[in-house]
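No experiment lies behind these values; they were computed from the predicted model shown. In each ligand, atom 1 is the first atom listed, and ligand 1 is the first ligand listed.
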Amino acid sequence: MKRRKPKDFPPGPFSFPFLGNVQFLMIINDPIGMVQKLTEKHGDVFSLQIGSQSFVIVNGLPLVKETLVSQGENFMDRPEIPINTVVFGNLGLVFSNGHLWKQQRRFTLTTLRNFGLGKRSLEERIQEECRFLTDAFRDEQGNPFNPHLKINNAVSNIVCSVTFGNRFEYHDEDFQNLLQLMDETVTLQGKIMSQLYNAFPSIMKYLPGSHQTIFKNWELMKNFVCNVISKHKEDLNPSESRDFIDSYLQEMAKPNGSDFCEDNLVACTLDLFFAGTETTSTTIRWALLFMAIYPDIQARVQAEIDAVIGQTRQPALEDRNKMPYTNAVIHEVQRKGNIIPVNVPRQAMKDTVLAGFRVPKGTILIPNLSSVMFDKKEWETPHLFNPGHFLKDGQFWKREAFMPFSIGKRACLGELLARAELFLFFTALLQKFTFQAPPDTILDLKFILGMTLAPRPYKICAVPR
Ligand code: HEM
């Protein structure tokens with residue numbers, strides 16, 4: 001926002017001319033602590049300036065709800081984030097706006113729903129993948145190993161089977177390379193060079209650094225998706241759809257489908273692939289870490305699995321309602337894991353008043369999910385890993401302040417799928433294994449902040465039960 005700020009703009013810390021509050025980019029490794037300190041000083045709505053761009057950070061349940069739901073229509077758009085615009089333009093699902101976004105989102109939701117209800121349901125696909133994943137963990141024979149890539153591969157296979165029509169073997173070299181690229185990109189997005197690129201793109205584009213690696217990686221990932229699309233075009237049957245890409249190609253062939261073009265197909269497919277892999281995979285990695293760190297909680301989950309499902313039958317979604325403790329643990333993993341701490345940014349679509357402050361059109365809004373999920377007014381023990389947050393009289397207790405998928409009309413498009421995956425993968429793994437720290441190792445909850453807040457790489461023992 002290059003306009004002068006109005007008088008009643010939200011307050012914020014001292015900012016340097018031209019640079020703004022670049023001092024905060026330097027302490028990006030503790031975003032939650034930083035925002036908490038700023039909230040204590042400036043209140044629930046405060047502003048930061050990075051380069052020429054103003055950000056308004058919104059904290060606490062009432063105001064985050066107001067931003068995303070009751071005033072949601074005013075803050076529905078995504079801002080242009082230079083590092084993303086270079087790759088996607090404003091296409092696809094995550095970074096598009098207006099009519100184009102609505103149309104692509106509606107189409108994607110309907111198509112995912114159709115596949116969920118199709119001949120071979122999504123639940124069955126996830127169950128099949130659970131078998132592959134438990135087999136791959138069993139191969140480790142209880143020895144210490146880093147579960148990261150196996151989990152990534154399993155989770156990604158679910159989105160792949162819906163979008164590309166097939167899964168990939170865990171030793172498929174091309175696919176492993178693709179997952180590595182995605183992982184590297186997620187981590188690099190949190191690095192200082194990427195933040196500086198977003199603040200000063202016209203200067204940074206000439207400088208070397210990790211932002212250049214991000215662009216290179218995206219191009220390689222794009223090429224992978226383009227090849228898959230080309231193959232689909234070769235054997236497309238107009239009267240039958242095998243997957244998301246087929247459905248999209250059929251939509252492109254209809255008259256008046258002008259926004260349904262190949263560039264958008266590539267962007268939507270990459271969005272699904274990326275958003276559908278990293279998030280769920282990171283959450284499962286947190287889950288295994290919490291289980292190894294809190295063996296009593298792990299034992300209670302296993303006791304519930306044994307009582308409701310037993311040791312041989314595969315977990316199914318209909319078990320979830322009969323397993324309040326396991327459900328509470330998964331929710332607590334998501335709350336405490338807090339993988340998208342400050343949500344995906346929004347933008348004021350017109351001049352708006354929020355909590356008595358004037359927010360001009362174009363201001364970037366950060367609805368801070370951590371401020372809600374760690375709010376001491378909402379949670380009994382916000383900084384502890386305590387599944388009791390989601391239990392009342394032994395039953396599962398749904399909490400309004402639980403919002404890892406965000407809320408409102410632009411909330412996560414994959415929430416239902418992600419929740420199904422988290423339940424099925426988590427119960428399938430704990431049914432077959434007990435997770436433990438390797439001998440002489442103390443596991444901790446330190447994180448890496450990239451596009452997601454992820455556990456630092458760790459090794460763990462999956463001891464067969
Ligand atoms: C958007 C969280 C899994 C696809 C989002 C947003 C959040 C989020 C916080 C931003 C919402 C907003 O702006 O208000 C999560 C978490 C997941 C998860 C915590 C797993 C634990 C998935 C999966 C898929 C997916 C499995 C794909 C199938 C998307 C897409 C968007 C999105 C396409 C952009 C929606 C839009 O802009 O309209 N997600 N997500 N997510 N998510 Fe997820």
Side-chain angles (χ1 to χ4, degrees), residues 58 64-65 67-69 71-73 75-79 81 84 88 90-109 111-113 115-116 122 125-126 129 151-152 154-164 186 243-244 264 267-287 330-347 364-370 372-373 402-426 451-454:
V58 182
V64 168
K65 256 170 56 184
T67 309
L68 295 174
V69 183
Q71 289 216 55
E73 295 294 333
F75 302 117
M76 197 69 84
D77 272 3
R78 300 273 183 226
I81 300 175
N84 297 323
F88 288 104
N90 292 319
L91 300 178
L93 294 159
V94 183
F95 300 109
S96 60
N97 285 327
H99 177 70
L100 181 106
W101 163 71
K102 262 194 197 140
Q103 208 186 33
Q104 304 295 311
R105 183 171 166 116
R106 196 179 309 129
F107 174 82
T108 305
L109 277 170
T111 310
L112 289 185
R113 208 173 300 127
F115 284 115
L122 265 180
R125 290 176 206 234
I126 303 170
E129 200 59 46
I151 297 174
N152 250 8
V155 168
S156 192
N157 269 342
I158 307 301
V159 192
C160 287
S161 80
V162 179
T163 46
F164 303 159
V186 169
D243 48 40
F244 177 80
N264 251 325
C268 287
T269 308
L270 268 177
D271 276 346
L272 286 176
F273 181 59
F274 213 82
T277 299
E278 270 308 311
T279 46
T280 314
S281 160
T282 303
T283 309
I284 296 174
R285 281 187 287 133
W286 276 122
I330 295 171
H331 278 70
E332 185 65 352
V333 167
Q334 285 206 268
R335 185 191 73 82
K336 191 75 173 48
N338 186 30
I339 65 161
I340 309 193
V342 291
N343 209 340
V344 183
R346 303 293 188 89
Q347 173 169 247
I364 297 185
L365 268 280
I366 308 281
N368 180 11
L369 299 181
S370 314
V372 182
M373 293 209 286
F402 174 78
M403 49 176 79
F405 298 101
S406 186
I407 49 173
K409 288 199 183 135
R410 201 157 190 175
C412 177
L413 177 151
E415 174 170 353
L416 275 186
L417 175 60
R419 293 187 53 224
E421 289 183 49
L422 290 178
F423 178 77
L424 293 173
F425 278 120
F426 183 67
M451 251 163 140
T452 57
L453 192 145

- Message: Testing the basics here: between Ser406 and Asn343, what is the closest heavy-atom pair and its distance to 0.1 Å?
- Response: OG-ND2, 3.0 Å
- Can you see which heavy atom on Trp286 is nearest to which on Val333, and at what distance? CB-CG1, 4.1 Å
- Note on the structure: atom 13 (O) of ligand 1 has as its nearest protein heavy atom Arg78 NH1, 2.8 Å
- Item | Phe95 near ligand 1 by a heavy-atom separation under 4.0 Å | no
- Note on the structure: protein heavy-atom neighbour closest to atom 3 (C) of ligand 1 works out as Thr279 OG1, 3.2 Å
- Item | Option nearest atom 2 (C) of ligand 1 (shortest heavy-atom distance, choices Thr283, Ile340, Thr280) | Ile340
- Among side-chain atoms of Arg105 and Thr108, is any donor-acceptor pair under 3.5 angstrom? no
- Atoms of ligand 1 under 4.0 Å from any heavy atom of Ala418, numbered from 1 in the order shown, are 3 (C), 20 (C)
- Message: Under a 3.5 Å distance rule, please check whether Asp271 uses its side chain to pair with a backbone N or O of Val94 as donor and acceptor.
- Response: yes
- Within the structure, does Trp101 bring an N/O atom to less than 3.5 angstrom of an N/O atom in ligand 1? yes
- Taking only heavy atoms of Gln334 into account, list the atoms of ligand 1 that are under 4.0 Å away from them. 21 (C)
- Counting N and O atoms only, with roles assigned by atom type, does the side chain of Arg346 sit under 3.5 Å from a partner on the main chain of Leu365, one being a donor and the other an acceptor? no
- In ligand 1, the atoms that come under 4.0 Å of a heavy atom of Asn343 are 9 (C), 10 (C), 11 (C), 12 (C), 13 (O), 14 (O)
- Message: Could you walk me through whether Arg78 and Trp101 satisfy the side chain to side chain contact (heavy atoms under 4.5 Å, CB included) test, starting with their C-alpha distance in whole Å, then the side-chain angles of each, then the deciding distance to 0.1 Å, before giving a yes or no?
- Response: CA-CA 10 Å; Arg78 300 273 183 226; Trp101 163 71; over 6 Å; no
- Task: Please identify which atoms of ligand 1 are closer than 4.0 Å to at least one heavy atom of Arg105.
- Result: 35 (C), 36 (C), 38 (O)
- Task: Tell me which protein heavy atom sits closest to atom 6 (C) of ligand 1, plus the residue, atom name and distance to 0.1 Å.
- Result: Val344 CG2, 4.0 Å
- Message: Test of understanding: given a 4.0 Å heavy-atom threshold, classify the contact between Arg346 and ligand 1 as side chain, backbone, both, or neither.
- Response: side chain
- Item | Short N or O distance, Ser406 and ligand 1, threshold 3.5 Å exclusive | yes
- Query: Of all the non-hydrogen atoms in the protein, which one sits nearest to atom 30 (C) of ligand 1, and at what distance?
  - Reply: Leu413 CB, 3.9 Å
- So, the side chain of Arg285 versus the backbone of Ala454: is there a donor-acceptor pair under 3.5 Å, distance only? no
- What part of Asp271, side chain from CB on, backbone N/CA/C/O, both or neither, has a heavy atom under 4.0 Å from ligand 1? neither
- Kindly say whether Ile158 contributes a backbone atom to a donor-acceptor pair with the side chain of Arg125 at under 3.5 angstrom? no
- Query: When you measure from the side chain of Asn264 to the backbone N and O of Gly92, does any donor-acceptor pair fall under 3.5 Å?
  - Reply: yes
- Note on the structure: The answer for which part of Arg410 has a heavy atom under 4.0 Å from ligand 1 is both
- Query: When you measure from atom 29 (C) of ligand 1 to every protein heavy atom, which one gives the shortest distance, and what is it?
  - Reply: Ala275 CB, 3.7 Å
- What residue and atom, counting heavy atoms only, is the protein's closest point to atom 26 (C) of ligand 1, and at what distance? Gly276 CA, 3.5 Å
- Query: Using heavy atoms and a threshold below 4.0 Å, how should the contact between Thr108 and ligand 1 be classified: side chain, backbone, both, or neither?
  - Reply: neither
- Message: Distance under 4.0 Å to a non-hydrogen atom of Pro404: what atoms of ligand 1 satisfy this?
- Response: 2 (C), 9 (C), 19 (C)
- Of all protein heavy atoms, the one nearest atom 28 (C) of ligand 1 is Leu417 CD2, 3.7 Å
- Query: Closest non-hydrogen protein atom to atom 8 (C) of ligand 1, residue and atom name please, with distance?
  - Reply: Cys412 CB, 3.6 Å
